[in-house]
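Notes follow the structure.
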Amino acid sequence: MKKNNKSLKISAAIFVSISFAFLSIANCTKSGAKKDENPTALLYIVNSGASANVIQNECLAAYTAANSCVSGREFFNAGTGCAATKLDGKTLDDYKALRECVLKKVNDTVQPCNLPQFRYALAQQALAGAFADCNKKFTTAAQTEVDLKDYLVF
């Protein structure tokens, strides 16, 4: 009887240890939080057959930052906004200005739009709200004025 009782205690201890280990693993892998997916690069790759040049890389950086402020299913479409046809006639400085404007709102000290509580459900709302200054004439830190109208598209 003593042997059965002892082995029962050991079996119970092993069962409890395995259960705690399983629960720990389950809690670590499934937090219940919504997974953030930023499709900027995917939208660009799908819509563009060629590799990105310097201007397109700057554009992609601006779109990636802008999409960090969107939590819904409608994002800024880098595939359309950074396509070669859209970039035609624009300079690297134009897209540096766009990135500067977008990062200004993303890194805002009061309401950084990339934090969950300040994110927008749709890119359209983000463009009208946080990035309103990025859809008109914008003055860079170097005091250069750039017209950014229609640079960000969704």
Within 6.0 Å of NZ in Lys86, more than 12 heavy atoms from elsewhere: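 Counting other residues, nucleotides and ligands, NZ of Lys86 exceeds 12 neighbours.
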
Quick one: pull up [atom1] in [X] and [atom2] in [Y] and give me the separation to the nearest 0.5 Å.
X: Leu103; Y: Lys96; atom1: CG; atom2: NZ; answer: 13.0 Å
X: Asn114; Y: Ser71; atom1: CG; atom2: OG; answer: 12.0 Å
X: Cys69; Y: Phe76; atom1: SG; atom2: CZ; answer: 8.0 Å

One pair to check against side chain to side chain contact (heavy atoms under 4.5 Å, CB included): Lys105 and Phe131. What are the steps and the verdict? CA-CA 7 Å; Lys105 189 58 183 175; Phe131 304 121; 3.9 Å; yes

Applying side chain to side chain contact (heavy atoms under 4.5 Å, CB included) to Tyr63 and Val153, what does each step give before you reach the verdict? CA-CA 9 Å; Tyr63 271 76; Val153 295; 3.4 Å; yes

Which pair of non-hydrogen atoms, one from [X] and one from [Y], has the smallest distance, and what is that distance?
X: Ala62; Y: Val102; result: O-CG1, 3.7 Å
X: Ala78; Y: Leu60; result: CB-CD2, 3.8 Å
X: Ala123; Y: Phe154; result: CB-CB, 3.6 Å
X: Phe138; Y: Leu148; result: CB-CD1, 3.7 Å
X: Leu87; Y: Cys82; result: CD1-O, 3.5 Å
X: Ala126; Y: Val70; result: CB-CG2, 4.1 Å

Fit a plane to each ring of Tyr95 and Tyr151, take the angle between them on a 0 to 90° scale, and name the class: parallel (under 30°), tilted (30 to 60°) or perpendicular (over 60°).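 Tilted, since the angle between the ring planes falls between 30° and 60°.
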
Strictly by side chain to side chain donor-acceptor pair (under 3.5 Å), give each pair with a member in residues 127-144 just once, sequence neighbours left out.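 Found Asp133-Lys136.
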
Using a 3.5 Å distance criterion without hydrogens, assess whether the side chain of [X] forms a donor-acceptor pair with backbone atoms of [Y].
X: Glu74; Y: Leu122; result: no
X: Arg119; Y: Cys113; result: no
X: Glu100; Y: Ala141; result: yes
X: Glu58; Y: Leu92; result: no
X: Thr80; Y: Asn77; result: no

Thr91 side chain to Asp94 side chain, donor-acceptor N/O pair below 3.5 angstrom: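 Checked: Thr91/Asp94 side chains pair up, N/O donor to acceptor below 3.5 Å.
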
Is there any ring pair (Phe, Tyr, Trp, His ring centres under 6.0 Å) pair reaching into residues 100-125, and which pairs are they, with sequence neighbours excluded?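 Not a single pair qualifies under ring pair (Phe, Tyr, Trp, His ring centres under 6.0 Å).
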
